[in-house]
Structures are given as C-alpha cells and as structure tokens.
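The structure appears right after this line, and notes come after that.
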Amino acid sequence: MTQHLDPRSPWVISTHDLGKRPGTMRRVTLTLPAPADLGVDMIGVPKDAEVELDLRFEAVMEGVLVSGTAQAPLAGECARCLDPLTSEIAVDLQELFFYSDEDASEDDSLLDGALLDLEPTFRDAVVLALPLSPVCRDDCTGLCVECGVKLAEAGDDHRHEKIDARWASLQGLVTENDNDQEK
Ligand SMILES: [Zn+2]
Ligand SMILES: [Zn+2]
C-alpha cells in the first residue's frame, strides 16, 4: 500500500540524491523536532524537543536502507515518588524502505517516489526503549502507602497507627482460626 507523504513534514526525507544506484551512500546528521504523543504513561519525548540523528542512507537493490542512531531528551515522572524527572534516550534505527510493494511485505516501509518517512521508525524504536517504571534515583524510596508523604523526606521512623491496626487484625484472624480448630 503506497501512502503519499507530505514533503513539508520534517521527518519526511528525500533520497533523490542516491539515484537508486545500489551502493550509493550518504551520511547525514540532522536535528528534528520530536513528534507529538511520543511516550508511555510515565515518560516520553516532549513534543518539538530536539532529536539528534546520525544516519546513513544507503541505496540497495530493493530500496534504501537507513541505519544510525537517534538521541532525544525525556521528561516524565518517577514511578515511585511521582517527582518530575528528565533524562535522555538513545536508540538505534534501522529500516529498509522499499521502492515497490512488490518486494515488500505488509509491515514493510515503502518509499513514496524518492521520499521516505522516518517518523514511524523513530517512534517504534523509542517506545520499545522507554523505561516502564522510570525512577528519579535507583534508590528512590517512593511514597508512604498510607499518607503519600515522600519517604526520603519523612525519615526512617515514619510510620502510622493504621499499620499497627492491620497487624492486629491479622493476629485476630490467626486467633480465630486457632479457636475453630479447637472445636
Ligand atoms: Zn523518585
Ligand atoms: Zn505515611
């Protein structure tokens, strides 16, 4: 299925200069604005953040092989303490863009004339590489499950009566079971 690409989109790149000659290669470094909605629940690449790309475009028999790396800033929140956090992500990109859908299978990427769209490749690579539970620090102690206070600030002796009450009710259950057995 050939989809028509918008040449004004920053992620749509022309491979015209490769001239469909296998073996022709071009190395490109680019800075592109991150697309919108690139992330998972806790973390993602902010829209329009600068994505640094270091790419190699190589004409092969069936199409254009793009490989290289992309680096982008990340923003999100700590999965344990919910503090905002920023970080960076670096991903490897590799995609063969086919000249014709005769050579390609359904999931493969196609060129639209000399144009290719790198955004889906970048998007897929980032989503796969994002941490599912980002943390502000490896040893972040998170929030108190009872009151939500940040444990790192509350101190080691932070505790609640409720926790004692819960233990007490557990002990109550044990005692009741013991009584049942005696009957
Ligand atoms: Zn944290
Ligand atoms: Zn608490």
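Every number for a ligand or one of its atoms is a count from 1 in the order of the listing.
Taking the charged nitrogens against the carboxylate oxygens, Lys47 and Asp37 have no contact shorter than 4.0 Å, which rules out a salt bridge.
Heavy atoms from other residues, nucleotides or ligands lying under 6.0 Å from CG of Leu132 number 12 at most.
Summarising the geometry of Leu65 relative to Val60, their closest heavy-atom pair is CB-CG1, 4.4 Å, with the distance given to 0.1 Å.
Distances shorter than 2.8 Å separate the Zn ion (ligand 1) from the protein N/O/S atoms Cys78 SG, Cys81 SG, Cys136 SG, Cys140 SG. Listed by chain and number, the protein atoms of type N/O/S under 2.8 Å from the Zn ion (ligand 2) are Cys144 SG, Cys147 SG, His158 NE2, His160 NE2; waters are omitted.
Residues Leu55 and Phe57 meet the side-chain proximity criterion, which asks for heavy atoms closer than 4.5 Å. With contacts defined as side-chain heavy-atom distances shorter than 4.5 Å, the pair Leu116/Thr15 qualifies.
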Verify side chain to side chain donor-acceptor pair (under 3.5 Å) between Thr31 and Glu50, making sure each step is shown before the conclusion. CA-CA 6 Å; Thr31 304; Glu50 289 190 349; 5.5 Å; no
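Counting only N and O atoms by type, the side chains of Ser105 and Asp108 include a donor and acceptor under 3.5 Å apart. Between the side chains of Ser67 and Gln94, no donor N or O sits under 3.5 Å from an acceptor N or O.
Between atom CG of residue Asp117 and atom CH2 of residue Trp11 there is a gap of 9.5 Å, rounded to the nearest 0.5 Å.
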